[in-house]
Q: 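Quick one: the structure is below, and I'll ask about it shortly.
Read the numbers this way: they start at 1 and go in the same order the structure lists the ligands and their atoms. Note that these values count all heavy atoms, side chains included, but never hydrogens, waters or copies made by symmetry. Along the sequence shown, residues carry numbers from 1.
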Amino acid sequence: MQIYQGKPVFEGVAIGKIRIHKQEGQTIAFVKVEDIHKELERFGYARVEALKKLREWYHHSLDKIGKANATIFEAQEIFLSDENYVGDIENLINTLSCNAEYAIGAVQEKYRFLFEQTDDDYMKARISDLKDVSERLLEALRGDALEEETFLEPVIILAEDILPSELMRMEQEMVLALVLTKGSFYSHTAILARTMGIPTLIQVNLNVDADMDEQIAVADSESGVFIIQPDQSVTAQVKQRLQQAKCEESADDQPVGMRICANIGSLKDLESLDGKPVDGIGLMRSEFVFFEREDFPSEDEQFEIYRTVLQAMPEKKVVIRVLDIGADKQCAYLPMEKEENPALGMRGVRVLLENQQILRTQLRALLRASVYGELHILYPMVTGLEEVHSIKEILISLEKELQEQGIVYGHPKQGVMIETPAAVIISDMLAEEVDFFSVGTNDLTQYTLAMDRQSPWLADIYQPRHPAVLRMIRLVVENAHKKGIEVAICGELSADTTLTKEFVQMGVDELSVAPGYVSSVRRKCKECRK
Ligand code: PEP
Ligand code: MG
């Protein structure tokens, strides 16, 4: 039995076989190029491809790890748009007449050196982002995209370090724990591990040796130890702890005074809810159904998807939000005019009311699917009563149409997202028009604070717990309850357990969170009721 010490990043315990993860990085040869112009073009192409890849990762991760954390990939995009970083690579190609690969590697080393010299832990933690960005560029130049890494059985990943994108590519359910000999608490990999709920140890004092692969180990980030070849008594203790945790979780599906629901983006996300004590789907971001495709999904295709979600949640509430695109969420096959301020431009219901055929197709699919469960339709980015009136009229006309065609349909509840200050202020009036509210704190925060939710420059002063936002939520709950309708919170703030007590006191009826947070929020909610 060999015992090593490490620092916990996310607490938990796991037992399983070690899988050694080798980081990509290889030595890059210097090649003299004849045609500098062509080499600059190769680099330009790689930059565009890498940006596309990061955008894909961003969308892919949105529902897996939540919006706030998915911005990790947006932060990486900033390197690729940074004049100094890009300029340094182009300069090297120009001055050394070298291949783009070599210039990328050399510039990465230069910045790594600079970041390492600072005393700022945050900057030091950016080294792995920089490496990730270089990898995306090199990958684009090689022309190969790396596939999702799959495992035959659940494993403990052992590595010197791991890039955020490498972790995202791994089958999440198969990763029991992460054990890193380097790593930093502030790295994006650490943030991802915490969000995904993976027990993680960093700075473990061992040298990774190929012989360790496949050996049984215990990663105990509660005690800060990593044990290779644990003896029988350690193995028995760990198994008992795991069993106990499982019992606590399953005994945990008792009502906790408010519904704890999950946010999903696609059918695949339903799998991550298996065995979790969830009271329903509080937000299905239907735009992901659209993003996963090359063109518009037909009414029948959408119907099948929505029906599957409803059937997976018998007798539970399912909230499906109609297509919410615009600003950072773009759909390649629905080109939109470039705007100066896209977050203040064509978004949510504004896009749908301009493109009514898309809305009508989706609503028809939803009306048909609603026969299979407790469907609640949610309308995003509402600012005025007229928008709600228009959509309700469309819904009525579609019900009539379906009836005339002899097609079976149900009677879903309708609600609006409260994610603009305007909607908060008129929430008393909106409450007369709809059956429920869902507070989108991600947008509500950005519009209330006048701070772009994606700006890395504002990240330090961006305060989702700003008293203005909390007061707004309180006002919405009061207005809604006066009119007898319920309020959910489905933005990232709902998973912030430092606020659970306040939400309980406000009388919020439901918190809808990314699947990885369901258990912790439920536990917190129970504690608050004691
Ligand atoms: C929100 O704005 O809080 C929300 C849930 O919607 P999205 O993050 O998809 O904009
Ligand atoms: Mg929103």
Side-chain angles (χ1 to χ4, degrees), residues 55 58-74 195 260-266 269 280-292 318-331 341-352 362 376-383 387 415-424 427 436-455 462-466 468-470 472-473 476 487-496 499 503 508 510-517 521:
R55 204 78 310 248
Y58 171 76
H59 286 304
H60 175 71
S61 23
L62 270 178
D63 223 68
K64 221 169 171 178
I65 56 172
K67 190 116 192 165
N69 295 305
T71 49
I72 289 167
F73 296 101
E74 295 197 307
T195 311
I260 310 297
C261 293
N263 293 346
I264 61 165
S266 65
D269 296 331
I281 302 297
L283 173 67
M284 176 173 182
R285 292 179 161 99
S286 73
E287 50 276 15
F288 288 91
V289 171
F290 290 70
F291 291 153
E292 280 167 359
V318 171
V319 180
I320 301 184
R321 180 172 75 185
V322 293
L323 181 64
D324 179 19
I325 51 168
D328 58 315
K329 288 186 271 188
Q330 293 290 334
C331 197
N341 277 314
L344 303 181
M346 289 300 282
R347 287 203 55 185
V349 285
R350 302 172 191 172
V351 176
L352 295 175
Q362 186 170 27
H376 291 54
I377 306 180
L378 183 60
Y379 305 123
M381 274 297 291
V382 164
T383 51
E387 289 161 335
V416 290
M417 294 234 18
I418 303 289
E419 51 184 349
T420 62
V424 172
S427 52
F436 69 102
F437 285 157
S438 189
V439 184
T441 49
N442 307 335
D443 278 313
L444 185 59
T445 309
Q446 81 162 339
Y447 295 126
T448 303
L449 304 185
M451 285 189 194
D452 183 347
R453 66 195 249 187
Q454 301 184 96
S455 166
Y462 188 84
Q463 269 192 62
R465 296 184 210 139
H466 195 290
V469 176
L470 296 175
M472 286 198 174
I473 300 175
V476 170
V487 180
I489 305 180
C490 67
E492 302 305 308
L493 205 63
S494 52
D496 182 339
L499 291 173
F503 293 148
V508 171
E510 170 186 317
L511 294 174
S512 189
V513 298
Y517 288 114
V521 172

Q: Could you list the atoms of ligand 1 found under 4.0 angstrom from a heavy atom of Gly440?
A: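 In order of numbering, the contacting atoms are 1 (C), 2 (O), 3 (O).
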
Q: Quick one: name the protein N/O/S atoms under 2.8 Å from the Mg ion (ligand 2), chain by chain.
A: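 Glu419 OE1, Asp443 OD2, with waters left out.
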
Q: Indicate yes or no for a side-chain donor-acceptor contact from Ser494 to the backbone of Gly491 under 3.5 Å, with no hydrogens or angles considered.
A: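 Judged by distance alone, yes, a pair lies under 3.5 Å.
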
Q: Looking at Asp496 and Arg465, does any basic side-chain N land under 4.0 Å from a carboxylate oxygen?
A: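 Between Arg465 and Asp496 there is a salt bridge, with a charged N closer than 4.0 Å to a carboxylate O.
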
Q: Apply the side-chain contact (heavy atoms from CB on, under 4.5 Å) test between Ile418 and each candidate in Ile473, Val476, Val382; give the one that qualifies.
A: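 Among Ile473, Val476, Val382, the one that satisfies the side-chain contact (heavy atoms from CB on, under 4.5 Å) with Ile418 is Val476.
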
Q: Taking 4.0 Å as the limit for heavy-atom contacts, which would you say applies to Arg321 with ligand 1: side chain only, backbone only, both, or neither?
A: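 Side chain only.
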
Q: Which of the numbered atoms in ligand 1 are below 4.0 angstrom from a heavy atom of Cys490?
A: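 Matching atoms, with element in brackets: 5 (C).
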
Q: Does any N or O of ligand 1 fall below 3.5 Å from an N or O anywhere on Thr441, backbone included?
A: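 Such a contact does occur with ligand 1.
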
Q: Apply side-chain hydrogen bond (donor to acceptor under 3.5 Å, both in side chains) to Glu419 and list each qualifying residue two or more places apart in sequence or on a separate chain.
A: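 In terms of side-chain hydrogen bond (donor to acceptor under 3.5 Å, both in side chains), with neighbours along the sequence ignored, Glu419 is linked to no residue.
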
Q: Check the pair Gln362 / Ser286 against side chain to side chain donor-acceptor pair (under 3.5 Å), numbers first and verdict last.
A: CA-CA 10 Å; Gln362 186 170 27; Ser286 73; 2.8 Å; yes

Q: Under 4.0 Å from ligand 1, counting heavy atoms only, is it the side chain of Arg453, its backbone, both or neither?
A: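 The answer is the side chain of Arg453.
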
Q: What part of Glu492, side chain from CB on, backbone N/CA/C/O, both or neither, has a heavy atom under 4.0 Å from ligand 1?
A: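 For Glu492, no heavy atom sits under 4.0 Å from ligand 1.
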
